[in-house]
Each structure stands twice: as structure tokens, then as C-alpha cells.
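Let me begin by presenting the structure, written as C-alpha cells, before commenting on it.
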Amino acid sequence: MQTLTKTLTGAQIVTETLKKFNVDSIFGYPGGIVLGVYDELYRQNCIKHYLMRHEQAAVHAAEGYARVSGKCGVALVTSGPGATNIVTGLANAYLDGYPLVVITGQVSAELLHKDAFQEVDIIDITKSCTKRNYQVRRAADLQKTLAEAFNTAMSGKQGPVVVDITKNVFSETAEFDTSLSCDISTHLTSDYDVKTALDAICSAKRPLIIAGGGVVQAGASKEIREFAKLLNIPVVSTMMGLGAYPADDDNYMGMIGIFGQPCANKAVRESDLIFAIGARFNDRIRCCFPNNELGKNLIHLDINESEISRVVPASISIAGDAKIVLNKMIAEFNNTLYKTDFQRGNELKKSDITPLKRSSAMHSFEVMQEIYECLKDKNPVITTEVGQHQVWAARYLKFNTPRKFITSGGLGTMGFGFPAAIGACVANNEPVICIAGDGSFQMNIQELAVCMDYKLPVKVFIINNGYLGMVRQFQEKTCNERYFATKISNPDFVKLAESYGASGIRVEKIEDIKDAINKAYSFDGPFLIDFAVEPKELL
């Protein structure tokens, strides 16, 4: 009879559990406390470790990997500052709802609460920005805790989980259960919910679908398109939902919110019923609808029951997985005598505002238009940093498939996009475009070394206006043009890239954009383009 257990050290249990959960990539930065795990990673070849240059970047890279692959991202860091440096990455993943398991080292159990070298209470520090966190003080508890961490990160509304492991655990031995399997929970939805919602939609004269990031995470893009086309309902998306519904489809109206398309916001105002799927209605959206346009007749579908009606009261609540619910609604519609006649023209799309040029200089929206035209057939993953360039990208780059637009939504993290591009590149093994501002790029610029070390074809397109552009724009509008601490000095980005061994060029003329993009994309390895744009353009 085959034995189902074997005796392993804590460090071995970590690596063997990762293998059980089909982890093939891990992003990290070593330290003395976690050397046992690093030694075990050295001894195996199933999991590839990517040495980042900062722990925050390691977590962002793990999130980029998770967003593109649909798997759980994994990061490994040491104790003390190694652990505290992960907090921004955790908060980013928590607010946008992406699954991570972040393993931190901790001082030995007998030294806890004695101010030992590099001891910090990472459990209390991360309680507000994780789905759950655990501290493991005995090797006997390690496998069960890691398995629970993966299930917690991936189940329901996804998010980050921290597993803090004391130093003694890595050398202690315990029994390892080789029969361990991954069991992710699902959410069921009653037929009553589906029928009630479908009745309401079919009774409305101007129904509208809002596609949020939950559609992407549920893998429900095919279903939402089938449902919208079946009933001929217009669709808008949140920024996190870009790509959930094809941007070139006639039913798609655009992105809503403060930086969204005017036609999309107007479509919401004119609708008499909203079917929101996987959207949480943050303040960047709510501020555009001060007259209760979102809540006048709302069907809210979300995998997290506590998210429903938390911000905007729902008329009909559906707690469940978007893919499962939409399939039920499609089946129910096809099996009944429902009749729909929803007609919407393109007049709202034609009413969108064309950006104004402030000077003869190259402008960001012109760069975005060229990026889209050059790369639309290649359909690459595109990440962004945070700022004006992020909004230009969201407005002008059309995404027809999910998991292609990777951006920081809830936290607005400068420094996210570049390491996220590294993780995305690891996940899909194809060129990834990172659109960055000159300010944001300098937050994690050191990760250029990672691109070179692992020969990752990340293409960085810097929209360089010499300012912290979004903040400068706020100063222009609210501070009577009193610009303070927003004009930023920059290095020569091309020379900087070359100092890491990468290649780069600077573009100052519109007519040179296309050739530069084609050169960057076809180049075998990391490539940087420094686009010099109008310093004071407005969104």
C-alpha cells in the first residue's frame, strides 16, 4: 500500500506545497530568515524564481502574473523591511481583487514580541489589506495553512493572503500529506434570482449593462457578449472591466467614470435599468452620477455578497459567479417566450469630445492612437503606470479580449505598471507593453535589471511631459495655476536603459512614432521609447 505521507523540513514543505498548487513562477528577494526556502528552490527545477530588485516590485510582478494567467501569484520575501515593503503591493491587489499568496519570513517563535533583529508584526500591519493573514510557528501547521491560503486567495472575490513563517519552522520536520489537492469553492445562484432579474431586464425600455473587473476574473467575457447580443443591450465598462466586452462591438459604448467617455456616462444617465456585473462603484464612478442615476433601478451581480448594495442600493441582488449566472440567464431566456426590442443608435458615440491640442508639440493622445494602430493586430498585453497617460491609454486603446489591460484601479499605485509588465511577460511569454509616465517609471526603474537578467521582452513607452501630470492638472484647475512640487527632473531615459544593457530611443515628432513602435516591438529583448510630449496637456 502506497504511503500518503513523508517527513520533510518546513522549507521543503513550502516548495512541495507550491508544486501541488501548480506554481511555476515565484517573485522574490532573499534574506537570512528565508534562506532555507531559497536553498530548496535551488535544488528543484519545477518552480522558476525571479529575483526582483525591490520587494514591492516582487508583489506587483506576482499580481501582473495573476492578472494575465488567471492563476494565483506568489511572492517570497524575508523578515523586517522585506515584509514591510510588500504592503503597497498587497493593498493594490486587495482593492482590485487579484489572488496572491505572499510568504514572509519572521524571527524564530521563541523571539517573538522581544524586539528581535528585523522583527515586525506583519500580521497586524497587513490585516486591513489582505483577505486573510496567517502566522505559522510550527512545521506541523505549515502545509494546512499554505493550502488554506491558496484556497482563500482564489475563492469568491479573489485577493491577497499573507503567510508569515517563523524561522524555526523552516528547519523543523513534519509529516507532508502527498494526497493534497486544490479545492476552490464556488457560489451557487437560485433560479428565482435569475428569473426575477431577467423579468426586470425584459420589462425595461432602456436597459444597460455595466461590466466590471469581476467579469474578467470570472472568465465570463464570452457569456456577457452572448447575453448582450441576445437581448441587444448596450454595454459600458469600468476601467477594471476594459476588455471584458469587445471594444469594437456595436453594443459597446465605452468606459464610464470621471475619466470615461462622455457617451458612456450619458448612456448610464438615460437608462431605466442597470445590470451591474462585478462592479463595486467606487467614488471615481459615483461622482459622475450625483442624481441617483446608478440606483434608480439596479440589478447588482457580484460574487461577494457583502459588496452588493454596499455603495449603491440594489433593487435586485444576485450573489454568485458571473459566468454561472449569465449562463443561467441565457438558458432561461432561450427557454421562454421573452420578447425584446431594444434599439440603440450610435448618436451618443458620435457626440464624444475630441481632445484639444495645446501647442504644435506631440500630444499623448496622438501617441496612443499610433500605439493602437501599430499593435491592434498583435493584441499584446498592455500595462500602465498611474497618471494622465493611464487615462489616455484607457480611452484610446481598444481592448477586445480580457486580461490584456493591466492597470492599478483602486489604489492608483505609481510604480505598479512596470513590475506588473514583468509578471505579465512571465505569464504569457510574449512581448508586453508598459505605458508609463516619467514620474511613475522612476518609482521602480531598477527593475530594468530583471528584464535584462531573464531576457524579458518588456517594451516601456514613457509619456514624458516633465511633470507629475495629473497633479499638475489639478493644480491648474483648483490652485489657479500655482504649480508646486509637480515639475520633475528626469534622467536621460535612453542612456539609463543602455546602462542596464537595454536599448532605447527618444521620439519628439509625430511622424517618428510609428517606426519607433514597430522597432521596439520587433526587437528581441527589453526596449524603451522616451516620447517627449506637450508638458501641459489636459485630459
Side-chain angles (χ1 to χ4, degrees), residues 11 14-15 17-19 21-31 33-78 81-83 85-86 88-90 92-93 98-105 150 153 160 162-163 381 383 403 406 413 415-434 436 441 443-460 497 500-502 524-528:
V14 171
T15 56
T17 305
L18 295 181
K19 292 175 187 177
F21 280 86
N22 298 314
V23 174
D24 54 31
S25 302
I26 184 170
F27 305 87
Y29 203 91
I33 294 288
V34 292
L35 279 186
V37 180
Y38 272 86
D39 195 38
E40 291 303 324
L41 288 171
Y42 174 82
R43 296 168 185 266
Q44 56 80 55
N45 55 15
C46 296
I47 304 168
K48 185 168 183 177
H49 177 272
Y50 292 84
L51 174 61
M52 305 299 289
R53 295 304 187 268
H54 194 283
E55 291 90 353
Q56 178 185 336
V59 181
H60 290 327
E63 184 180 342
Y65 174 91
R67 290 197 186 203
V68 171
S69 68
K71 298 171 64 177
C72 187
V74 180
L76 171 64
V77 302
T78 193
N85 281 343
I86 68 173
T88 299
L90 292 172
N92 194 88
Y98 282 92
L100 302 177
V101 169
V102 181
I103 299 170
T104 60
F150 274 94
V162 165
V163 181
V381 171
T383 74
R403 301 189 184 277
I406 312 299
T413 306
F416 166 78
F418 183 36
I422 290 173
C425 197
V426 170
N428 72 356
N429 199 30
E430 293 179 358
V432 171
I433 310 300
C434 172
F441 185 55
M443 291 281 186
N444 272 314
I445 198 169
Q446 72 283 343
E447 304 305 320
L448 275 168
V450 180
C451 296
M452 294 303 301
D453 284 353
Y454 301 98
K455 298 179 173 58
L456 300 174
V458 175
K459 319 298 179 179
V460 181
Y500 279 96
D524 184 19
F527 200 99
L528 181 149

Given side-chain contact (heavy atoms from CB on, under 4.5 Å), test T383 with V432 step by step and report yes or no. CA-CA 8 Å; T383 74; V432 171; 4.1 Å; yes
Donor-acceptor pair, [X] side chain versus [Y] backbone, under 3.5 Å?
X    : Y    : answer
Y454 : L51  : yes
T413 : G415 : no
K71  : A427 : no
K459 : G525 : yes

In terms of heavy-atom contacts, does OH of Y500 have more than 12 from other residues, nucleotides or ligands at under 6.0 Å?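 Counting neighbours around OH of Y500, more than 12 heavy atoms of other residues, nucleotides or ligands fall under 6.0 Å, so yes.
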Just so I know, are the side chains of [X] and [Y] near enough to count as touching, which here means a heavy-atom distance under 4.5 Å?
X    : Y    : answer
I103 : V101 : yes
I406 : V381 : yes
E430 : P457 : no

Test side-chain contact (heavy atoms from CB on, under 4.5 Å) applied to V37 and Y42, step by step: CA-CA 9 Å; V37 180; Y42 174 82; over 6 Å; no
Listed by chain and number, what are the side chain to side chain contact (heavy atoms under 4.5 Å, CB included) partners of A57, not counting sequence neighbours?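 Side chain to side chain contact (heavy atoms under 4.5 Å, CB included) list for A57, sorted by chain: M52, H54, P419, N444, E447.
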Show me the pairs that pass salt bridge (charged side-chain N to carboxylate O under 4.0 Å, His left out) and involve residues 59-70, at least two apart or across chains.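 Of all non-adjacent pairs touching residues 59-70, those that pass salt bridge (charged side-chain N to carboxylate O under 4.0 Å, His left out) are E63-R67, R67-D96.
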Tell me the salt bridge (charged side-chain N to carboxylate O under 4.0 Å, His left out) pairs involving residues 44-61, sequence neighbours left out?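 Applying salt bridge (charged side-chain N to carboxylate O under 4.0 Å, His left out) to every pair that reaches into residues 44-61, excluding sequence neighbours, yields R53-D453.
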Start with the C-alpha distance between F150 and V74, add both sets of side-chain angles, then the distance that settles side-chain contact (heavy atoms from CB on, under 4.5 Å), and finish with yes or no. CA-CA 10 Å; F150 274 94; V74 180; 3.9 Å; yes
For Y98, all residues meeting ring pair (Phe, Tyr, Trp, His ring centres under 6.0 Å), sequence neighbours excluded: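 With neighbours one apart ignored, the set is empty.
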Could you grab the distance from atom [atom1] of [X] to atom [atom2] of [Y], nearest 0.5 Å is fine?
X    : Y    : atom1 : atom2 : result
L456 : C451 : CG    : SG    : 5.5 Å
T104 : L76  : OG1   : CG    : 9.0 Å
N85  : T78  : CG    : OG1   : 11.5 Å
E40  : I47  : CD    : CD1   : 10.5 Å
N22  : S69  : CG    : OG    : 11.5 Å

Considering the options L90, T88, N92, V77, which one meets the side chain to side chain contact (heavy atoms under 4.5 Å, CB included) requirement together with Q56?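 Output: one option passes, namely T88.
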Run the side chain to side chain donor-acceptor pair (under 3.5 Å) test against K19 and tell me which residues pass, sequence neighbours left out.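 K19 satisfies side chain to side chain donor-acceptor pair (under 3.5 Å) with E16 once adjacent residues are dropped.
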Evaluate V460 against F418 for side-chain contact (heavy atoms from CB on, under 4.5 Å), listing each step before the verdict. CA-CA 8 Å; V460 181; F418 183 36; 3.7 Å; yes
Give the C-alpha distance, both sets of side-chain angles, the deciding distance and a yes or no for side chain to side chain donor-acceptor pair (under 3.5 Å) between N428 and Y65. CA-CA 8 Å; N428 72 356; Y65 174 91; over 6 Å; no
If you look at every heavy atom in C434 and A421, which pair is closest and at what distance?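 Looking at all heavy atoms of both residues, the shortest contact is CB-CB, 4.0 Å.
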Would you say the ring centers of H49 and Y38 fall short of 6.0 Å from each other?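 Close enough - the centres of the two rings lie under 6.0 Å apart.
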R403: partners by salt bridge (charged side-chain N to carboxylate O under 4.0 Å, His left out), with sequence neighbours left out: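 With sequence neighbours excluded, R403 shows a salt bridge (charged side-chain N to carboxylate O under 4.0 Å, His left out) to no residue whatsoever.
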Taking the six-membered ring for Trp, are Y50 and F27 parallel (under 30°), tilted (30 to 60°) or perpendicular (over 60°)?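 Answer is parallel, since the angle falls under 30°.
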